[in-house]
Amino acid sequence: MRTVRWGIIGCGDVTEVKSGPGFQKARGSALVAVMRRDAAKAEDYARRHGVPRWYSDAAALVNDPDVDAVYVATPPSTHKQYTLLAAAAGKPVYVEKPMALDHGECRSMIEACATAGVPLFTAYYRRAMPRFGRIKALLEAGAIGTVRLATISVFRAFAPPAGALPWRIDPAVSGGGLFVDLASHQLDLLDYFLGPIADVSGVAANQAGQYGAEDIVAATFAWASGVRGTGLWSFSASGDVDRTEIVGTRGRILYATFSDAPVILETDAGIESLELPFPAHVQQPLIQTIVDELLSGSPVCPSTAESAARTTRVIDTLLATHYAAG
């Protein structure tokens, strides 16, 4: 291949700006087909984005001989189904995050792709964004000394919609509540920066009673290196807080995950504010690494199925008690 020709299963909101144009703009990449169960919406997406073909059936897209690789952009409840479908057709898979409803499904997806001899990637795209690459480089260069601890704080209020509740807070579709949707990115970044989380414990509950999924999670983490961490997520509290702090023996780094507010580097030399904006299409840098890997055969994509499965395992552990009680 000189060009990886992509097909998208599930051309919904996430594909409009975040990911879809990235397949068209990445070097060595082309978007040739899209699928959505609503045929009119699939056709509309293809027309607006200049995609040659559209389908309302996933199997038809996967079996299109002009589709080399498949991007699964549906809710988590169908990630396993469509990943196995693509793997059976011998096609590489790029699946949205979180990787699946639970760690068991992640392992099934990994095993199916390994058996089929096709690679599997997951859309923890922040690993390839320059903003977070800079943070990783600072940590590896010892800018704050030896890392001792990491803390995450996320506080948001929930405004009930006029109609049906969004699928992101339906555990049967998303695997949990907003914690799963948002914290998965933050936990994956800590895995990227500090290595796999070796031990995790915590509690999850629903305080506000606006829906059945968890709306508060408190967690503690431990890494094999000796680093310790905490996390607190509330989705029924006032304010809009998005803060991660990594503290070392000679300083600290503070950053937001979901906005491009300046990254703060604080050391004995002073406080530095780093302007590191998001790219126009946030998934494009990661898509580029996947395309490069598929074309070269060399492992260059930083978001693997194994790293994504680790994040789902951490989430499963934190939510287990809440859903067992429910």
Item to check | Lys NZ or Arg CZ of Arg126 over Phe258 ring: under 6.0 Å, within 45° | outcome: no
Item to check | Close side-chain approach of Pro98 and Val180, heavy atoms under 4.5 Å | outcome: yes
Item to check | Residue pair Asp170 / Tyr211, side-chain donor-acceptor N/O under 3.5 Å | outcome: no
Checklist entry - Between Tyr71 and Ser19, do the side chains contain an N or O donor and an N or O acceptor separated by less than 3.5 Å? => result yes
Checklist entry - Regarding Gln283 and Glu96, is there a side-chain donor-to-acceptor distance under 3.5 Å anywhere? => result yes
Checklist entry - Trp233 and Gln186: side-chain donor and acceptor closer than 3.5 Å? => result yes
Checklist entry - Is the shortest distance from a Lys or Arg side-chain nitrogen in Lys97 or Asp188 to a carboxylate oxygen in the other one below 4.0 Å? => result no
Checklist entry - For Thr122 and Ser303, which heavy atoms make the closest approach, and how far apart are they? => result O-OG, 2.6 Å
Next on the checklist: Within this structure, what is the OH-CZ distance for the pair Tyr55 and Arg53, rounded to the nearest 0.5 Å?
Outcome noted: 5.0 Å
Item to check | Geometric class of the Phe132/Phe193 ring pair [parallel <30°, tilted 30-60°, perpendicular >60°] | outcome: tilted
Item to check | Separation between CG of Asp66 and CG of Asp68, rounded to the nearest 0.5 Å | outcome: 8.0 Å
Checklist entry - Salt bridge check: are Arg243 and Glu245 linked by an N-O gap of less than 4.0 Å? => result yes
Checklist entry - Do any N or O atoms from the side chain of Lys80 and from the backbone of Met109 form a donor-acceptor pair under 3.5 angstrom? => result no
Checklist entry - Nearest 0.5 Å, what's the CG-CD1 distance between Leu190 and Ile152? => result 4.5 Å
Item to check | Residue pair Thr220 / Thr230, side-chain donor-acceptor N/O under 3.5 Å | outcome: no
Checklist entry - At what distance, to the nearest 0.5 angstrom, does OG1 of Thr311 lie from OH of Tyr124? => result 5.0 Å
Checklist entry - Side-chain contact, heavy-atom cut-off 4.5 Å: His281 with Val17? => result yes
Next on the checklist: Taking the basic N atoms (NZ, or NE/NH1/NH2) and the acidic carboxylate oxygens, is any pair closer than 4.0 Å for Arg47 and Asp44?
Outcome noted: yes
Next on the checklist: Can you see whether Tyr192 has Lys136 sitting over its ring - NZ or CZ less than 6.0 Å from the centre and within 45° of the normal?
Outcome noted: yes
Next on the checklist: Looking at Asp191 and Arg127, is any side-chain nitrogen of the basic one under 4.0 Å from a carboxylate oxygen of the acidic one?
Outcome noted: yes
Next on the checklist: Check this for me, if you would: do Glu275 and Arg131 make a salt bridge, where the nitrogen-to-carboxylate-oxygen distance has to be below 4.0 angstrom?
Outcome noted: no
Checklist entry - Less than 4.0 Å between a side-chain N and a carboxylate O, is that true for Glu16 and Arg48? => result yes
Checklist entry - Looking at residues at least two apart in the chain, or sitting in another chain, which of them share a side chain to side chain donor-acceptor pair (under 3.5 Å) with Thr83? => result none
Next on the checklist: Working to the nearest 0.5 angstrom, can you tell me the gap between Met99 CE and Thr312 OG1?
Outcome noted: 7.0 Å
Checklist entry - Given side chains that start at C-beta, do those of Leu31 and Arg5 come closer than 4.5 Å, heavy atoms only? => result no
